[in-house]
Structure formats: C-alpha cells, structure tokens
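Worth knowing before you read on, the calculation uses all heavy atoms, side chains too, and leaves out hydrogens, waters and symmetry mates. In what follows, chains are A, B, ... by sequence order, proteins preceding strands, each numbered from 1. Everything quoted here is computed from the prediction, not taken from an experiment.
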4 protein chains.
Amino acid sequence: MPRKSNTAERRREIVAALLAVMAERGYDGASIQAIARTAGLAPGLVHYHFENKEAILLDLVASLAQVGRARYEMLAASAASPHARLQAYIDARLATGPGADPAAVAAWVMVGAEAVRQLQVRRAYQDALAPELAMLTELLRDCLEADGRSQARAAQLAASLLAFIEGAFQLSSAARELMPEAYAAQMALQLVQRFIAAEPAA
Amino acid sequence: MPRKSNTAERRREIVAALLAVMAERGYDGASIQAIARTAGLAPGLVHYHFENKEAILLDLVASLAQVGRARYEMLAASAASPHARLQAYIDARLATGPGADPAAVAAWVMVGAEAVRQLQVRRAYQDALAPELAMLTELLRDCLEADGRSQARAAQLAASLLAFIEGAFQLSSAARELMPEAYAAQMALQLVQRFIAAEPAA
Amino acid sequence: MPRKSNTAERRREIVAALLAVMAERGYDGASIQAIARTAGLAPGLVHYHFENKEAILLDLVASLAQVGRARYEMLAASAASPHARLQAYIDARLATGPGADPAAVAAWVMVGAEAVRQLQVRRAYQDALAPELAMLTELLRDCLEADGRSQARAAQLAASLLAFIEGAFQLSSAARELMPEAYAAQMALQLVQRFIAAEPAA
Amino acid sequence: MPRKSNTAERRREIVAALLAVMAERGYDGASIQAIARTAGLAPGLVHYHFENKEAILLDLVASLAQVGRARYEMLAASAASPHARLQAYIDARLATGPGADPAAVAAWVMVGAEAVRQLQVRRAYQDALAPELAMLTELLRDCLEADGRSQARAAQLAASLLAFIEGAFQLSSAARELMPEAYAAQMALQLVQRFIAAEPAA
DNA sequence: CATGAATGAGCTTTCATTCAT
DNA sequence: GATGAATGAAAGCTCATTCAT
C-alpha cells in the first residue's frame, strides 16, 4: 500500500521557502540548501519534487500572480461602481496594513530582475502581467465610460498604473526610508482619477 | 619618471563592462572573468583596480546616477519655466530615441534588485535616489508654486514620479512586448500636470 | 493461500530493463530510477527484488551467457561434423540478421568494461567466458583432429576466436559505420579454417 | 610580466591522470577529484585547463591514438618488406614485454565502452580508428600483392585484424587469467598470413 | 601595471538506498 | 508484494580571490 502522496503540499512548502529566502537574498542567493533548510526538508527532496531550481521559480511566479488576483477579487466583490473597483484594485496592490506582505513584494522585485535575463522567467512574468494589464485596461475603460470620457488611452493608462505599482514595489523594498509614509495607494488613485477627469469627452 | 597612471580609465572600462554583462546576465551572472573578457583585460587586473566585485557595483551605481544627472542638466539648460524643467526631467529619464540606453536601464533594474539584499548596495542606491528625490521635490514645488497650488504634497508627488520611472524601467526591460509604444514620457508628464492642476490653491 | 510469487518474472523484467538502459547509457548511466521506468515498475520495487545494483548486473551477465549458449545449442543441433559445429558457433555469435540483438551486444560491451574495474563483475564475466573457452577449445580440437592436425594450439586458437568475437562486438557497437558489411562471421570462419589447414600434421 | 605558461604541460598531466584513474575505475569512476589527486593538482585547476570532463577524454583518445601510431612507426622503420611491416604493426599493438602498457590498454577498453554511448567520444574513437583501418588495409594490400594474391578482401581482413586486436585488449584487461600466455601477437600474425596464403591468385 | 595560473569553497543536480504505508 | 517519498553523499562545474612572475 503506497504512502499517501503529499507532493502538492511539499511543492507549496518549497515554493513558500523560495519566496522567503529570495526576499532576503535574491534568486542566486537562494541556494537549494537554504530553501530546503527554510522548508525543513532534506536538500535532495527539493529536486525530487522539482526538476530544477528554475521550475520552483516559475511556480512562484504563477503563485504570486494568483495570490494577487485573489486579493483583488475579494476586495472587488463589494465594489458597486467602476471607480470603486479601481480603488479595490489599487488597494489590493498597494495598500499597506495587515494584508501587505513585504516578503512577497521583495520576492516579486527579484522575479522582475530575473525576468530580464532568463527567458523562461520572462515568459512566466509576462504571462502573469498580460492578463493583469488586460483586466486593468477593461477596468479603466469602464471608469472612462462612466465619466463620459474618451477611452482611447485606456491601455496607456493601464500601463502607467502598472509601472507605478512595479516601481512602488521596488522603492518600498530598497528605499523605504526615503519614501513618504503610505503615499502609494492614495497617490495612485488620485493620479489616475485626475487624469481621467481631464481626458476629452467621448 | 613613472609612466602616467591609467587607473581612472581602466576603472571606467571595468565599470562599463560590468554594466554590459549585468544587463544580460544579472549581477551574479557577471563573473569577474566575464567582466574582464568584455573589457578586454586579464582577470587579475580587475582585482588590481577594485578590491572586490561589490566595489565595482558600487562604482556603477554612482556612475549611472551621475550620467542621469548630467543628461537632465543638459536638457534643462534651455528650460525657461518650472514646467519646462519638469518636461526636461521626464525626457531625460524616459524619452526613447537616440539618448536611450536599454543596457543601462536593464543594469539599473539589476542594481535595484541587488539593493534589496545587499546593505552596501542599498546605501549606494539610496545615495543615488535621495538627491534625485530632493531635486524632484524642489522642481515640483516650483511647478505647484507657478500654478498657485498648494505645495503640501510635492514630496509625495516626487515619490510617485520616481516610482513610475523605476517601474517603467522594469517593464521596458522585462515586458517590453506587452507595453504600449512610447507611452511612458508622455503619460508621466500628463499624469503629473493634471494632478497639479487639480491640487487645491495655495 | 498466498498468491503465487512473481519474483522470478519481476527479476527477469528488471534484468531486461538493465540491458536496455545499459546499451544506451552504460552502467553508470543506468540509474535505478531509469531501470524501473523502463521496466514499468516503482523504483522501490527494484531493491525489493535485488539487494543492490551490482546484483542486477551479475544476473545480466549470467543471463547473456545463457542466451548465447542456448543459441549455439539450437544451431548446433543439426550439425553433423566438427566443422559444421564450428560454423554453428560462429553464426550463433556473429551472424547478422533476425537473431542478432544489437542492444544485447552493446550491453555486453559495457559488461566487459565493468569487468575491468569491478571484481565481482570480473568474476561473473570470467565465469561466463571460462566454459565458453573450454567448449570452444574442445570444438576446435575436434576440428583439428578431424583434419589430422596437431591439437597443440587448440587453446590458443580458441582464445583468438574469442578475442575476434569480443572485438567484433566492440566495433559493431562503436564503429559500425567504419566496418565492411557483414564481414565478421565469414572472415572468422575462414581465418580459423585456413589456420587449421596450415597446422602441422598430428 | 606574466608567468610563463605551462598549460600544455598541465594538460598532458591531466590527461595522463585520467588514463591512470580510468584504467582502474572506469570513466565514471574517474572523478575530477580523483584525477586532480592523481595529477597532484587542485580540483579547480582541472576545469581551468579543460572545459569539462568530456574534453579530457577526447584529448586522451587522440593521445592514445597518437602514441600507438608512433610505436608502429618506430618498429616499422627498419622493416624491409610488407610482411615485415605487418609484423611490426602487430607487435606494436600486441607484443607483451617492456613496451606494453596495461593501463593504456585498459583505458582504451573504457574508451571503447564510452564510445558506445557518447556521441563525441564515438566520433573521436572513429577518428582514431579510421586512419588506422585505412593504413592497415594498405599494408595488407601490399602483403597480398607481394604474394600475388587477390586484394579484393584487404579491407575485410584489415577489419578482422582490428577486431582481433580490440578483443585481445578487452580480454587481457578483464580475463587475463583465462587466456593462454602471450598468444595474441603470434596468433594474429599467423592467422593473417595463412589467410593471405590461401587467397586466390590475383 | 599586467598576466593568467592556481585555489578551494560552494553551487546545482543525480542517485543508490531505505522505509513508512 | 508494491509504492513513492525521503535521505545524504557524492558528482561536475563555477567563481571570487590570490599571487608568482
């Protein structure tokens, strides 16, 4: 009688360990030994569950994207208007407080850097961002429409908001001391809203 | 009479080589051997001019900051108004075209990731950003003043613009295919200007 | 009543899998996991049936020797004269065509290499070759006697034929493209026959 | 002022160490550590001089081929007739005595096994054998011609002699105890000569 | 200043073997 | 009998750094 498979759980543990180690030491600093130690596993077991180190990273990218999506959907559930959903989106990404996870944010910054140089990671990174961008464009289109504004630059506005968010992650991870307190969520919302308000009518 | 020292030049070459290699392979992928090969030097010579690998990186951070500053000053030289200087700043950072240097942008993204985990690099990164942020705050204060708006949130606006720029660097390095064409400079300027225009009067 | 043991069959499957994997990747490349996969079994089961990896190899050596012996006996059954039996022997070893098994030949070459460095394997290899050599010596003695020739060098001739065969295996496995088409069986027979014909009378 | 390069010598030492270790433990058993220890070098230095382990093996194959060629040429220098050159060739390969090098023979057997499964090694192995076979064919053609015999089967005879030699190497490495004393050189010569003598006239 | 050989620690990965179920 | 998760010791290879010349 075979032992009950716990592969799914082990894989989750390993991915979580990569996130934790990566947030502090980066991807190259996240040695298999360190990941295993953090997860409380034997080093060999990591490679039993993942073909190689990159595979863990790809899993992590998908996992972080999935967590972000889930947080937005939770916050957006009670949003009645497009503008409320926009606020929900920005809060899901940028709000500080109990839901915020600095380690995940730092890990995401590391993912972004790895995406620059590893093709597979770049693909996973883009696979995470593409639906995000599409959803955001749709959301902003709704906001523009609700205000009777031209939707022509919805995509550019979505890209801008995404850039703002990625940059806020970077700065909060590497230059928190320099930044004003809790500026990000509020400023993002106002920048977008004032931009929309000044767009030409549809 | 000793022959003239070429240390300064050699150091510049080595830093430039780190930039080039780092843009493609990241900091950990930038081995001393690879840097030396790119610079056309013997590996041992690198350690003659730099105490260790981190020292090259610290030099690179300062060098990138300095180049950015110089570009802004060149563009700002002919700017008559605060708003013109704001445009000069944004163009210096985000304009595509001949002045743009994708390798430097990618290297800066790598620097940002290293700053998350290496104390010395974080310090250098912050030493580069702090004056930038101060200068930008001053610039935005001038813009707000020129428009007769409250300057209370100049610092937050500066931080936001910086976040946008860092994020735009990240996305242009790792997800260029997903982003709209040349959105960054134009959107950055309009987002800031519309925000300013909607600020309460001073 | 316990269910019937299938140990013997499982062992055969595992040995066959070792042969197949070894022919392509060598002994060190034949990991237990690969053997199990090829045999369609769970890795743990391999060690249930064999104490360790070497034990499978020892079984394989015996099995290959046994298969070779069986093939000779089948061909020799209808051989009326010593010379006919010699031809049967050479055909059993070297004839190309339906009976030939390149994987088994390649595996045997690998066995030969392992025999050089592993004492137990060398013993098994020699235990396979010794009766072969004895039988061949006897066979050649019969041929020499039938032709009225001195039998003094029967053992040396047997050794030579064995060397030729082992070498033909090696070359057919690693340099097939270089060798003439189907030279081995015919040349072996003629070399031996002409040697015998030129031996001094008894 | 650079240190004088000793790369060529180091490479020779490493190849020699591979030969020695491989003869006793096979290719997979010849770990870089073991090679380095045998050569009296630091492990890292091995990879400084060779890109990877396979590269050492490829060098070894070429080196063994070269040594064999040199030994034949030395012995053949004083050979007046084709038959004398044939004897020189066989002696160069098979004669026991002071010139014989059991470790090189064993290493060659290991090379042969690796050639079965590694493409690059197979190519090097064939690159070593092809000129050997060509030269041998030419040599046998000369012998056949000198005796007024048909040269039609010179290539097949050359292949046969090569097979005999490879097989004799295998058996001397893994089953020396079973084989008659010093049979190989004498038997090879006589087998070939009697075959030639019985060929049809040209 | 410059060279490039040398060192050894540390990395990812593989694998025979064990064992709880 | 059978499963597959788990272990830990190697393996090949990379690399920052040192140093004789």
Side-chain angles (χ1 to χ4, degrees), chain A residues 1-7 9-11 28-36 41-56, chain B residues 2-7 9-10 28-37 40-56, chain C residues 2-7 9-10 28-37 40-56, chain D residues 1-7 9-11 28-36 41-56:
Chain A
M1 193 128 41
R3 181 188 301 188
K4 183 159 146 271
S5 170
N6 54 359
T7 291
E9 189 186 336
R10 281 278 178 274
R11 286 177 63 101
D28 289 270
S31 71
I32 297 289
Q33 295 273 350
I35 295 170
L41 303 174
L45 196 54
V46 174
H47 278 96
Y48 180 80
H49 288 292
F50 286 92
E51 196 177 2
N52 53 38
K53 198 178 150 181
E54 190 184 45
I56 317 177
Chain B
R3 85 181 124 174
K4 185 161 144 270
S5 163
N6 54 4
T7 290
E9 190 186 352
R10 282 276 178 271
D28 288 86
S31 70
I32 295 289
Q33 324 264 341
I35 294 169
R37 203 177 316 118
L41 303 174
L45 197 52
V46 174
H47 276 88
Y48 179 84
H49 289 292
F50 288 92
E51 192 180 357
N52 53 35
K53 200 179 149 181
E54 192 183 44
I56 318 176
Chain C
R3 83 183 123 174
K4 185 159 145 275
S5 162
N6 54 3
T7 290
E9 190 185 352
R10 282 277 178 274
D28 288 87
S31 70
I32 295 288
Q33 324 265 341
I35 295 169
R37 204 178 314 121
L41 303 174
L45 197 53
V46 173
H47 276 90
Y48 179 84
H49 289 293
F50 287 92
E51 192 181 358
N52 53 35
K53 200 178 147 180
E54 191 183 46
I56 318 177
Chain D
M1 193 128 40
R3 184 188 300 189
K4 183 160 145 270
S5 171
N6 54 359
T7 291
E9 189 185 338
R10 281 278 179 272
R11 286 178 63 101
D28 288 271
S31 70
I32 297 289
Q33 294 273 349
I35 294 169
L41 303 174
L45 195 54
V46 175
H47 279 97
Y48 180 80
H49 288 293
F50 286 93
E51 196 178 2
N52 53 37
K53 199 179 150 181
E54 190 184 46
I56 316 176

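Rounded to whole angstrom, the span from the CD atom of E51(A) across to the P atom of dT12(E) amounts to 16 Å. Distance E9(D) CD to dG4(E) P: 18 Å, rounded to the nearest Å. dC15(F) atom P lies 16 Å from atom CD1 of I32(D), rounded to whole Å. Rounded to whole Å, the distance from CG on N6(D) to P on dT3(E) is 18 Å. Taking atom CD of Q33(A) as the reference point, atom P of dA10(F) lies 14 Å away to the nearest angstrom. One can place CZ of F50(D) at 13 Å from P of dA6(E), the figure rounded to the nearest angstrom. As rounded to whole Å, 11 Å separates atom P of dC15(E) from atom CD1 of I35(C).
Contact annotation: H49(A) side-chain N/O to dG4(F) OP1/OP2 distance is not under 4.0 Å. Applying the 4.0 Å criterion to OP1 and OP2 of dC1(E), one finds that T7(B) has a side-chain N or O inside that range.
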Donor-acceptor pairs under 3.5 angstrom involving side-chain atoms of residues 43-51 of chain B: please list them, not counting sequence neighbours.
none

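At the heavy-atom level, A34(C) lies nowhere under 4.0 Å from the strands shown. Within 4.0 Å of A36(D), counting heavy atoms only, lies no atom of the nucleic acid at all.
Of the candidate nucleotides dA11(F), dT12(E), dA16(F), dA16(F) has the atom nearest to the side chain of S31(B). Listed nucleotides: dT17(E), dT13(E), dA6(F). Nearest to the side chain of K53(C): dT17(E).
Residues G29(A) and D28(C) each lie close to DNA chain E; by heavy-atom proximity, the contact nearer the 5' end of the strand is made by G29(A).
Both key distances under 3.5 Å define a Watson-Crick or G-U pair, and stretches of 3 or more such consecutive pairs in DNA chain E run E:2-21 with F:2-21.
The stretch residues 41-48 of chain D touches DNA chain F through H47(D), each having a heavy atom within less than 4.0 Å of the strand.
Taking CG from L41(A) and CD1 from I32(A), the interatomic distance works out to 11.5 Å, rounded to the nearest 0.5 Å.
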